2 protein chains.
Amino acid sequence: MTAAEKHQVSRTAANPPAGSRLNGRAGIRDVAAAAGVSITTVSDALNGKGRLPDATRSHVRAVAERLGYRPSAAARTLRTGKSGLIGLTVTTYGEEPFTFTEFAYFAEMARAATSAALARGYALVILPATSRHSAFDIWSNVALDGTVVIDPSDHDPVVTELVRSGIPVVSDGRPAGSLPVTAWVDNDHEAAVRGLLDHLAESGARRIGLLTGTSTDTYTRLSTSAYLDWCERVGQDPVVEAYPAHDPCAGAVAADRLLARPDRPDAVYGLFDPNGTDLLAAARRYGMRVPDDLLLVCCSESTVYASTEPPITTLSLKPGRIGNTVIQLLIDAIEGTGSGRPVEQVMPTDLIVRTSSQRRPVRTTVSAPRPLPPE
Amino acid sequence: MTAAEKHQVSRTAANPPAGSRLNGRAGIRDVAAAAGVSITTVSDALNGKGRLPDATRSHVRAVAERLGYRPSAAARTLRTGKSGLIGLTVTTYGEEPFTFTEFAYFAEMARAATSAALARGYALVILPATSRHSAFDIWSNVALDGTVVIDPSDHDPVVTELVRSGIPVVSDGRPAGSLPVTAWVDNDHEAAVRGLLDHLAESGARRIGLLTGTSTDTYTRLSTSAYLDWCERVGQDPVVEAYPAHDPCAGAVAADRLLARPDRPDAVYGLFDPNGTDLLAAARRYGMRVPDDLLLVCCSESTVYASTEPPITTLSLKPGRIGNTVIQLLIDAIEGTGSGRPVEQVMPTDLIVRTSSQRRPVRTTVSAPRPLPPE
DNA sequence: ATGAAAGCGCTAACAT
DNA sequence: ATGTTAGCGCTTTCAT
């Protein structure tokens with residue numbers, strides 16, 4: 001018996017009368033047999049392809065339904081080369097995905113990305129950014145149509161590898177070095193910092209301090225240099241404290257250090273999410289009132305700053321908008337429909353002005369704080 | 001030419017001399033040809049199977065490396081029936097995945113689950129829980145080895161369908177109704193509520209109010225009934241306000257209602273994450289001091305409650321521990337190694353006692369609040 | 001110790 | 001309008 005003949009036999013409907021595949025689950029051939037058509041017709045009917053009469057289509061669909069037929073995603077992926085899966089990298093510190101400070105940002109960004117991907121028929125797979133080793137295995141164990149990288153590190157081997165094998169990569173955060181991403185989306189961090197420093201100065205700040213990080217990622221670098229440039233422009237001596245932002249405890253200590261300096265600032269911008277509460281607590285310890293003695297702004301996506309005492313002005317990077325844009329760009333690249341959109345997209349930020357950064361009576365339109373009870 | 005002959009030809013190394021596959025990427029046959037061995041040997045060498053001499057193994061590996069060979073995940077999945085992918089469902093409200101109130105819990109749970117899965121060689125795919133329709137498509141478009149369901153709703157068709165087709169499902173939260181999950185993990189919500197009500201009573205609470213939700217999920221139901229039981233036991237009239245927890249604004253309003261009642265409570269437990277700040281703000285509006293006039297506890301995973309003014313006592317459900325356990329249970333089921341572990345696991349909660357729930361001087365070992373500055 | 005061949009379940013090109 | 005057939009790239013018996 002030749003291979004072809006054997007083939008023939010195993011594909012004939014003469015086998016066990018449908019419904020009894022070794023697997024237990026019905027396959028496309030069971031449906032074909034039960035519906036009295038060929039497997040092509042089944043495939044076409046189920047996928048809306050071909051030009052079948054509606055009668056055939058609905059009949060096949062009914063039979064498939066009755067048999068509880070579920071197409072094999074693996075087979076389809078192998079055949080079409082498309083998996084409908086998009087990788088989402090998360091930076092890992094040690095064993096843990098996500099950093100402490102990125103948490104709220106990441107969660108919101110991922111939420112939006114998930115939603116946007118689902119709306120276009122894709123699902124996200126959470127994957128670790130390159131770690132020491134072994135992470136590579138998991139990357140080659142999943143068939144991806146594309147990948148989103150959050151805060152790509154300089155020469156990330158995974159990104160390079162993916163791009164080299166023709167898989168589109170879109171990053172959240174402009175790529176450092178010469179990393180060859182397909183497209184990227186980022187905030188205009190420098191403009192954001194300039195804007196908020198101007199806002200603080202307008203509110204009467206004479207010496208603005210900066211609570212920043214010791215790491216060299218783009219966000220930290222751009223924000224810090226924008227601060228230094230601003231200081232130089234207005235002729236203020238920089239007052240900077242830096243700390244390892246991935247350490248959940250270091251922030252409070254650094255906030256304390258900043259307010260303990262001889263050149264104590266009368267306003268502070270904190271680059272990371274928890275800095276607002278850290279600084280508020282530090283101010284209390286030093287008997288400083290916010291906003292009377294100290295103006296405060298921090299970069300955060302957390303809604304808690306709307307109801308702290310006092311409410312704290314925050315810079316929002318709008319991670320939801322970024323997540324959505326990243327996904328649109330990526331899917332456009334995957335499907336080859338993206339010629340229209342620019343591949344480098346700079347997104348605006350939102351300064352949500354609250355009590356902590358204003359010495360004069362509130363008259364902003366954004367997030368007006370609730371009136372305080374009489375003291 | 002018979003099918004078998006053609007087969008033969010296309011598989012011989014006589015074709016384009018390796019490296020020039022249509023695809024662009026090297027396949028297993030390119031590696032075999034370049035290494036001068038059969039594809040079987042390549043497969044075995046790369047996967048550590050078979051009994052090959054170390055020389056062959058390392059030679060094949062070197063060649064594969066040189067060619068930049070990446071095995072096709074789709075082909076492997078089709079062949080082995082294992083994808084290494086685990087679904088993670090998120091409840092969707094309207095278009096958006098996650099609810100507002102579940103946010104921090106979910107983020108932490110997902111983080112732990114991701115980490116645990118990765119450590120065992122699996123990756124998580126974020127998938128929507130059953131929505132009206134269309135969600136089904138995405139489910140059958142991805143090959144899953146198993147699925148984690150967070151807060152399964154009563155008779156969820158996706159869960160039923162998955163279990164029916166032999167895919168293990170482990171839920172976070174005990175399944176309502178007769179949902180046939182493989183295993184589940186949940187907190188002992190009733191014990192948690194009893195414990196925290198006792199704690200409030202010990203701190204001097206005479207009338208404890210409850211801020212709860214209007215939805216009928218297990219968490220809300222169990223927590224509320226535990227509260228009612230406790231009230232009955234100690235002879236207190238229940239003071240309850242319920243609101244639609246998925247509405248980000250409704251919480252503040254409900255907190256206000258609770259404190260505006262004629263039978264105003266002198267202590268409140270809020271079931272949802274934002275309730276702490278909501279209640280704190282409401283207390284301020286009514287001129288109530290915390291903890292002097294009002295004792296406060298809320299269920300939250302957020303660290304901000306450590307540095308609010310005053311710090312707020314929280315009940316943590318330990319989502320990280322749950323996420324990890326859920327994944328272990330699921331992978332055990334997938335790999336058939338789970339006979340040891342119980343399939344229903346109740347996990348303890350942590351009451352993190354802070355200033356807001358204590359009238360007497362702090363003398364707890366947990367999370368001692370920082371000393372306040374002299375007024 | 002190594003290789004040949006079968007085939008996972010599907011889709012698409014090509015008949016009819 | 002529907003059916004036949006050839007693979008997608010791998011793993012896995014089974015022969016040698």
Side-chain angles (χ1 to χ4, degrees), chain A residues 1-13 21-33 35-57 59-60 64 69-83 140-141 143, chain B residues 1-13 21-33 35-57 59-60 64 69-83 140-141 143:
Chain A
M1 184 190 268
T2 71
E5 281 161 359
K6 206 166 167 187
H7 220 74
Q8 192 77 8
V9 169
S10 77
R11 296 201 166 181
T12 301
R21 290 191 62 73
L22 312 84
N23 199 339
R25 290 177 49 187
I28 196 173
R29 283 188 294 271
D30 299 299
V31 178
V37 296
S38 79
I39 59 169
T40 307
T41 305
V42 174
S43 179
D44 286 350
L46 262 29
N47 296 328
K49 303 271 179 82
R51 298 172 307 270
L52 305 175
D54 283 355
T56 311
R57 213 177 279 278
H59 173 229
V60 169
Y69 168 72
R70 296 280 151 225
S72 151
R76 172 182 289 155
T77 299
L78 178 57
R79 183 63 236 240
T80 61
K82 256 80 196 76
S83 65
S140 48
N141 262 335
Chain B
M1 185 188 267
T2 71
E5 282 161 355
K6 207 164 168 190
H7 220 74
Q8 191 77 9
V9 168
S10 76
R11 295 201 167 182
T12 301
R21 291 189 62 74
L22 311 83
N23 198 337
R25 290 177 48 187
I28 195 172
R29 283 188 295 272
D30 299 298
V31 178
V37 297
S38 78
I39 59 169
T40 308
T41 304
V42 174
S43 179
D44 285 350
L46 261 29
N47 296 330
K49 303 272 179 80
R51 297 172 307 270
L52 306 175
D54 283 355
T56 311
R57 212 176 278 279
H59 173 229
V60 169
Y69 168 71
R70 297 278 152 227
S72 151
R76 172 178 295 159
T77 299
L78 178 57
R79 184 61 235 238
T80 63
K82 255 82 197 74
S83 66
S140 48
N141 262 335

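All values derive from a computational prediction rather than experimental measurement. In what follows, every chain begins at residue 1, and chains take the letters A, B, ... in the order their sequences are listed.
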Any base atoms under 4.0 Å from A:Thr40, or only sugar-phosphate, or nothing? Heavy atoms, all strands. base
Rounded to whole Å, CZ of A:Arg29 lies from C1' of D:dG3 at a distance of 15 Å
Candidate nucleotides D:dG9, C:dT11, C:dT2, ranked by approach to the side chain of B:Leu78 - the nearest: D:dG9
In whole angstroms, how far is the P atom of C:dA15 from the CG atom of A:Asp44? 17 Å
Could you state the interatomic distance from CD1 (B:Ile28) to CZ (B:Arg70), rounded to the nearest 0.5 Å? 13.5 Å
Side chain of B:Ser38 (C-beta onward), nearest among C:dA12, D:dT11, C:dA4: C:dA4
Could you check how far NZ of A:Lys82 sits from P of C:dC10, rounded to whole Å? 20 Å
Does a nitrogen or oxygen in the side chain of A:Thr41 sit under 4.0 Å from OP1 or OP2 of D:dG3? yes
Starting at the 5' end of DNA chain C and moving along, which residue's nearest nucleotide shows up first, B:Thr56 or B:Thr80? B:Thr56
Closest approach to the side chain of B:Arg79, judged atom by atom: which nucleotide of C:dT11, D:dC10, D:dT11 is it? D:dT11
Close side-chain approach of A:Thr77 and B:Thr77, heavy atoms under 4.5 Å: no
Could you tell me how far apart A:Asn47 (CG) and C:dT11 (P) are, to the nearest whole angstrom? 5 Å
Please state whether the phosphate of C:dC10, meaning OP1 or OP2, lies under 4.0 angstrom from any side-chain nitrogen or oxygen of A:Arg76. no
From the list A:Thr40, A:Leu46, A:Asn47, side-chain contact (heavy atoms from CB on, under 4.5 Å) partner of A:Asp44 resolves to A:Thr40
What does B:Thr77 touch in the nucleic acid at a heavy-atom separation under 4.0 angstrom: a base, only the sugar-phosphate, or nothing? nothing
Whole-Å gap separating C1' (C:dA6) and CD1 (B:Ile28): 15 Å
Which nucleotide in the list D:dT11, D:dT2, D:dT5 gets nearest to the side chain of B:Ser43? D:dT11
C:dG9 P sits how many Å from A:Leu46 CG, rounded? 16 Å
Measure the OG-CG distance between B:Ser72 and A:Leu78 for me, rounded to the nearest 0.5 Å. 5.5 Å
Return the 5'-most residue of the pair A:Ala73, B:Gly36 with respect to DNA chain C, ranking by each residue's nearest nucleotide. B:Gly36
Please report the distance, rounded to the nearest Å, between CD1 in B:Ile39 and P in D:dG9. 12 Å
Donor-acceptor pair, A:Arg76 side chain versus A:Lys82 backbone, under 3.5 Å? no
